[in-house]
Amino acid sequence: MNEGKTDPILIIGAGMAGLSAARLLRDANLPVLVLDKGRGVGGRMATRRIGHGRVDHGAQFFTVRDRQFAQRVAEWQEAGVVSQWGQGFADAKGSLPSGEYFRYRGVDAMTSVPKHLAEGLNIRLQTRITAVSKESNHWLLRSQSGETFRGRALLLTSPVPQSLELLKAGHVSLPTDIRRELERIEYEPCLALLTVFAGASQIPAPGGLRFSEGPIAWMADNYLKGISPDAHTVTIHATPDFSRHHWQTDEKVVARKLLEAAVRWLHSEVLEWQIHRWRYSQPLTIISEQALLLSGLPSLVFAGDAFGGSRIEGAALSGYAAARILLAKMNG
Ligand SMILES: Cc1cc2nc3c(=O)[nH]c(=O)nc-3n(C[C@H](O)[C@H](O)[C@H](O)COP(=O)(O)OP(=O)(O)OC[C@H]3O[C@@H](n4cnc5c(N)ncnc54)[C@H](O)[C@@H]3O)c2cc1C
């Protein structure tokens with residue numbers, strides 16, 4: 001009768017939503033296993049080493065509006081995990097920052113926060129789940145390498161189109177209205193150019209620049225940001241339009257076009273560059289619930305920034321909401 005009671009709650013995704021939920025569930029003494037295909041935790045809160053430097057190439061900073069999230073951020077600040085990175089950034093026309101909210105960054109890089117959240121959690125990295133199926137009262141996940149994971153509940157925090165693919169691969173059907181609502185969720189793509197320069201950039205302090213026209217949406221000087229003390233690395237994010245248009249374009253052409261558009265801010269030789277393709281950068285549609293519980297199945301919850309709001313704070317709030325739902329189900 002207790003079949004499945006010792007199985008963990010499975011969470012796909014060690015990004016902000018998955019880790020936030022995992023912490024709360026673990027704190028309530030529930031067994032949790034987080035699975036992620038990446039080599040490290042963080043998902044779109046991503047940092048890469050390039051040359052002698054470091055580049056935040058996904059999320060650049062976060063803001064705080066919600067009181068629950070503010071409390072967590074205060075704890076992270078106290079623990080030396082995050083710090084303030086100014087109160088907004090100038091735009092390329094020289095307009096001064098108009099930000100009313102502080103911008104926060106990870107102290108070492110954006111991955112400082114997910115690394116901190118991951119401490120003490122049961123996480124399997126480099127584990128790409130390829131199908132999710134329902135077996136009587138539990139979930140069975142299959143990985144690319146042929147492993148299986150059994151769980152009494154499942155939290156999906158991968159970008160929604162990817163979560164739907166996993167359910168489809170395991171022949172799990174969702175109620176038609178919910179499936180249609182989830183299928184409507186689209187994400188903007190983002191081509192990111194990661195660069196190392198021989199000298200300092202012309203990006204003004206504190207190191208970020210917003211663009212309202214042209215192919216570039218955002219540039220950041222990671223040296224000025226304080227996360228790349230040994231090399232002048234610059235992150236360039238293309239606009240969604242440019243990214244869509246040049247998704248298949250040769251990387252050398254993409255890099256040349258973005259560097260040409262950025263030339264005014266870059267006065268030294270490029271030593272190294274890489275392109276990263278974010279297919280699911282930020283959701284265009286946000287579901288009104290912070291986390292979505294599916295009925296008629298073993299507990300299945302959808303969460304992530306498409307539910308809580310298209311930013312780091314939204315992903316965290318969605319993770320908290322998902323944990324609350326699962327706690328209520330497990331204790332019910
Ligand atoms: C270029 C860019 C710039 C951004 N800038 C900002 C910013 O400045 N400020 C801000 O607040 N937000 C920003 N964002 C958005 C922010 O990064 C996201 O809202 C937030 O990180 C989403 O967290 P999440 O947990 O919902 O999803 P994710 O971080 O995407 O986590 C999902 C995880 O699921 C894993 N996964 C997916 N499929 C599988 C599978 N089949 N098997 C195993 N694991 C799987 C992925 O590897 C990933 O780690 C930016 C995003 C991008 C890409």
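Atoms considered below: every heavy atom in the structure, side chains included; atoms not considered: hydrogens, waters and symmetry mates. Order of appearance sets the numbers: ligands from 1, and atoms from 1 within every ligand.
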May I ask whether A192 has any heavy atom positioned less than 4.0 angstrom from an atom of ligand 1? no
Per-atom filter on ligand 1: closer than 4.0 angstrom to a heavy atom of R128 are 42 (N)
Out of all atoms in ligand 1, which are within 4.0 Å of some heavy atom of G304? Include the element for each. 26 (O)
Does R44, backbone or side chain, put an N or O under 3.5 Å from an N or O of ligand 1? yes
Which atoms of ligand 1 are found less than 4.0 Å from any heavy atom of C190? 1 (C)
Please check if the number of heavy atoms outside E135 that lie under 6.0 Å from its CD is greater than 12. yes
Nearest-0.5 Å distance that lies between atom NE2 in H232 and atom CG in L266: 12.5 Å
If you define the side chain from C-beta out and look only at heavy atoms, does anything of R44 sit under 4.5 Å from D305? yes
Atom 52 (C) of ligand 1 sits nearest the protein heavy atom S281 OG, 3.7 Å
Does the gap between the ring centers of Y104 and W76 come in under 6.0 Å? no
Should we count CD of E78 as having more than 12 external heavy atoms under 6.0 Å? no
Looking only at protein heavy atoms, identify the closest one to atom 42 (N) of ligand 1 and say how far it is in Å. I129 N, 3.0 Å
T127 touching ligand 1 at heavy-atom level, < 4.0 angstrom: yes
I'd like to know if G42 contacts ligand 1, where contact means a heavy-atom distance under 4.0 Å to any ligand atom. yes
For atom 32 (C) of ligand 1, what's the nearest protein heavy-atom neighbour? Residue, atom name and distance, please. T157 O, 3.5 Å
Would you please test F89 and L209 for side chain to side chain contact (heavy atoms under 4.5 Å, CB included) and show each step? CA-CA 6 Å; F89 303 96; L209 203 51; over 6 Å; no
Could you tell me whether H52 atom NE2 has more than 12 heavy atoms of other residues or ligands within 6.0 Å of it? no
Is the distance from the ring center of Y223 to that of F197 below 6.0 Å? no
Let's go through M110 and R105 carefully: what are the C-alpha distance in whole Å and the side-chain angles of both, what is the deciding distance for side chain to side chain contact (heavy atoms under 4.5 Å, CB included) to 0.1 Å, and is it a yes or a no? CA-CA 6 Å; M110 286 309 276; R105 64 174 180 84; 4.3 Å; yes
Flag I312 as yes when one of its N or O atoms lies below 3.5 Å from any N or O atom of ligand 1, and as no otherwise. yes
Just one of V301, L141, L166 clears the side chain to side chain contact (heavy atoms under 4.5 Å, CB included) bar with L154, so which one? L141
Contacting atoms of ligand 1, where contact means under 4.0 angstrom from a heavy atom of Q60: 5 (N), 6 (C), 7 (C), 8 (O)
As an exercise, identify every atom of ligand 1 less than 4.0 angstrom from a heavy atom of M16. 25 (O)
Between K37 and ligand 1, does any nitrogen or oxygen pair lie at a separation below 3.5 Å? yes
Tell me whether R124 is salt-bridged to E147, with the criterion being a basic N under 4.0 Å from an acidic carboxylate O. yes
Per-atom contacts, ligand 1 versus G43 - under 4.0 Å to a heavy atom: 29 (O), 48 (C), 49 (O)
For ligand 1, note which part of H237 has a heavy atom under 4.0 Å away: side chain, backbone, both or neither. side chain
Is there a side chain to side chain contact (heavy atoms under 4.5 Å, CB included) between L117 and M16 once you walk through the steps? CA-CA 9 Å; L117 291 176; M16 193 61 173; 3.9 Å; yes
Any idea which atoms of ligand 1 are less than 4.0 Å away from a heavy-atom of A17? 25 (O), 26 (O)
I'd like to check whether R311 has a polar contact with ligand 1, where a contact means an N/O of the residue lying under 3.5 Å from an N/O of the ligand. yes
Counting each atom of ligand 1 from 1 as listed, which ones have a heavy atom of G13 under 4.0 Å away? 33 (C), 34 (O), 35 (C)
Counting the benzene-type ring for Trp, do H57 and W278 have ring centres under 6.0 Å apart? yes
Test side chain to side chain contact (heavy atoms under 4.5 Å, CB included) on I216 and L193 and set out the steps. CA-CA 10 Å; I216 297 176; L193 176 62; over 6 Å; no
If you have a sec, work out which protein heavy atom is nearest atom 3 (C) of ligand 1 and how many Å separate them, to one decimal? G58 O, 3.4 Å
Counting non-hydrogen protein atoms only, what is the nearest one to atom 13 (C) of ligand 1? Give residue, atom name and distance. A59 CB, 3.6 Å
Note the single closest protein heavy atom to atom 14 (N) of ligand 1, along with its residue, its atom name and the distance in Å. Q282 NE2, 3.5 Å
For atom 31 (O) of ligand 1, what is the closest protein heavy atom, and at what distance to 0.1 Å? G15 CA, 3.6 Å
Which option wins on minimum heavy-atom distance to atom 46 (C) of ligand 1: D305, D36, V34, T235? D36
Where is the nearest protein heavy atom to atom 23 (O) of ligand 1: which residue, which atom, and how far? A315 CB, 3.4 Å
Using a 4.0 Å heavy-atom cut-off, say whether Q162 meets ligand 1 through its side chain, its backbone, both or neither. side chain
Count the heavy atoms belonging to other residues, nucleotides or ligands that lie under 6.0 Å from CZ of R65, then report whether that count exceeds 12. yes
Got a sec: does the CZ of R26 have more than 12 other heavy atoms crowding it under 6.0 Å? yes
Does ligand 1 come near enough to F61 that some N or O of the ligand is less than 3.5 Å from an N or O of the residue? yes
